[in-house]
Amino acid sequence: MPLNIYNSNSRKKEVFESITPGHVGMYVCGPTVSGESHLGHARPYITFDIVYRYLTHKKYKVRYVRNITDAGHFEEEGREAEDKVAKKAQVEKMEPMELVQKYTNLFHWAMKQFNCIEPSIEPTATGHIVEQIGMIEDIISKGYAYEVNGSVYFDVKKYAATHDYGKLSGRIIDELLDSSNRDSTTRDLEGQQEKKDPADFALWKAAPPEHIMRWRSPWGEGFPGWHIECSAMATKYLGAQFDIHGGGMDLLFPHHESEIAQSTICNHAAPVKYWMHNNMITINGRKMGKSYNNVIKLTELFSGSHDLLSQAFHPMTVRFFILQSHYRSTLDFSNDSLMSSEKAFKRLWEAYEVLKKLSFEENESPKDIELDTKINSWLNEFEEFMDDDFGSPRVIANMFELAPIINSLKDGLIANDAISSKTLAYLKERFTTFLENIFGLKSVDESNNELLAPVMQLLLDIRKEAKSKKDFATSDKIRNQLVEMGIVIKDEKDGNTSWGVE
RNA sequence: GGUCCUUUGGCCGAGUGGCUUAGGCAAAGCUCUGCAAAAGCUUCUACAGCGGUUCGAAUCCGCUAGGGACCUCCA
């Protein structure tokens, strides 16, 4: 079965065929490093990490470009038009670039915690001013942009006359252009009057004197518009047309719509073959926002230092939590649901650890053909589900179907010869491939301490001796005190004892 | 106000015109066990409401109600 991807542009699932056979160009809108990353940021980067990993699994050579927006142009609730980098820098008495560096580092740290693979190229907006100016000049020369007072605007009305502006985001162009149609939510922003039409968007903005971030341009000192950044970098590294462009649904309009317009004029072709958008994370049913006081930063999530959290959550728990829902569904976050994911992940991972250690004699013919068939069928569905627009929740559901079987094989509740050794090998391979390589999950257990392991072995030996002499006072003392230290031990059916750090 | 999306059992969450209304968490019972934990088995059963299409709909259409996202343009 070929890979099917839901294309936001056509609003349906399409068979994925890369423009250049064997290669995939993928661009994902990266973070704006004017502040700390929060839970909402985790979703797109984990989602597209899975896409990246899965395409790689499908033997594609992927060039994954994810930008860093480090120049001042941001969207923000309150819709106050201000350069957050510049403003915050003044408040904090920092250089803008110092601030940018700090939050870039924090972002990279968080990505590492999540076990996200680094993109192939991570370009910065400030590093591509030249390309952006070049692109703007091109758009002006083609007659789709105009300069006013040192700012340059894209002429949406002219573009819309011959192109399908609004298709991606489902806007109706006449309504966008009909200014009388606007209600009170339309912002009365500075610079609005100088535009030919309210629907026009800025490609370049003249910088007022107090603006710290500024670059020279043919139109005077200023800074680039938000949308041109992605168009310029995507074109530079992936070409005029590339396969996948990803990002959050909130970027559909105006950001991605504008990207299409800009690139279409410059390159004479729609830039992207497959548009992918992840849905948003809500918190207790509400969108994240400062006014709700429910923005949870990643550092707070990992440390548990937030009013909405009862405990710290491991990055792998968060990753698993995100994978348990489909990327195009809204995902409601709550302390309870994360706690439930934490337990679920632990259970699944322990079954996986058990699986890795399972081994038995070669046998060609399974005694329980029905079970053997069922297992193979569940395993085959892993790839089938992922091929259907990255159905990670269904893959995980199948893994949970298999977990009791794995545990039963270990405990002898299911005889080893019930399934063939070929099936067991397949089981192991599929789990490793999907759990580790594709889902990017890894153990949360930090007990691989070279010093601790032999000490634990000693304690467990002593406890075993005590138990054999029915000296339960001693054996319970060891167990109970270890629990207090955060180490849990379990007496297994086979007489051995396992342990782990909670 | 406009556009679009969404509504599944105590909670979280898949899914599809009829095979079985996934799976996880929680809860209850049982098995195993020195006890505990873990594990295994079992139970609880939902598809917002009202119409319609259909042999048949939670899945398609319409209406109603709740929820959500976006509605921009440079700071």
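Naming: A, B, ... by sequence-line order, numbering from 1 per chain.
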Taking [M] as the reference, what is the distance to [N] when you measure between their [atom1] atoms (whole Å, please)?
N     : M     : atom1 : value
B:G49 : B:C35 : P     : 48 Å
B:U33 : B:A39 : C1'   : 11 Å
B:A48 : B:A14 : P     : 15 Å
B:C61 : B:G29 : C1'   : 46 Å
B:C25 : B:C44 : C1'   : 14 Å
B:U53 : B:A57 : P     : 11 Å
B:C11 : B:A27 : P     : 15 Å
B:U8  : B:A22 : C1'   : 12 Å

So, is [X] close to the [N] phosphate, meaning a side-chain N or O under 4.0 Å from OP1 or OP2?
X        : N     : value
A:Ser325 : B:A14 : yes
A:Arg479 : B:C35 : no
A:Lys343 : B:A26 : yes
A:Ser329 : B:A14 : yes
A:Arg347 : B:C25 : yes

Neighbour count >12 (heavy atoms, 6.0 Å) for atom NZ, A:Lys464: no
Proximal nucleotide (of [options]) relative to the [X] side chain:
X        : options             : answer
A:Leu331 : B:G13, B:G34, B:A37 : B:G13
A:Ser340 : B:C74, B:C12, B:G24 : B:G24
A:Ser475 : B:C74, B:G23, B:G34 : B:G34
A:Glu401 : B:C41, B:C74, B:G23 : B:G23
A:Phe253 : B:A39, B:U72, B:C35 : B:U72
A:Ala199 : B:U72, B:C70, B:C74 : B:U72
A:Tyr153 : B:G40, B:U72, B:C74 : B:C74

Nearest-0.5 Å distance, CD1 of residue A:Ile375 to CZ of residue A:Arg430: 15.0 Å
Nearest-0.5 Å distance that lies between atom OG in A:Ser475 and atom NZ in A:Lys469: 11.5 Å
Give [X] one of three labels, base, sugar-phosphate or nothing, depending on what nucleic acid heavy atoms sit under 4.0 Å from its own.
X        : value
A:Pro404 : sugar-phosphate
A:Asn407 : sugar-phosphate
A:His326 : sugar-phosphate
A:Ala344 : sugar-phosphate
A:Glu350 : nothing

Integer-rounded Å distance: B:C25 C1' and A:Gln324 CD: 9 Å
A:Lys205 NZ to B:U72 P, straight-line distance once rounded to whole Å: 16 Å
First encountered from the 5' end of RNA chain B, between A:Pro393 and A:Arg11: A:Arg11
Along RNA chain B (nearest heavy atom to each residue), the more 5'-positioned of A:Met280 and A:Phe345: A:Phe345
Centroid separation A:His245 to A:Tyr274 less than 6.0 Å: no
Within the 6.0 Å centroid threshold, strictly below: A:Tyr153 and A:Phe201: no
Residue matched to [N] through Watson-Crick or wobble contacts both under 3.5 angstrom:
N     : result
B:G17 : none
B:G40 : B:C30
B:C4  : B:G68
B:C50 : B:G62

Verify stack between A:Phe472 ring and B:G34 base, 5.5 Å, 30 degrees: yes
Donor-acceptor pair under 3.5 Å, A:Asp491 side chain vs B:C35 base: yes
Side-chain donor/acceptor contact of A:Asp476 with base of B:G34 under 3.5 Å: yes
Basic-acidic side-chain contact under 4.0 Å: A:Glu194, A:Lys205: yes
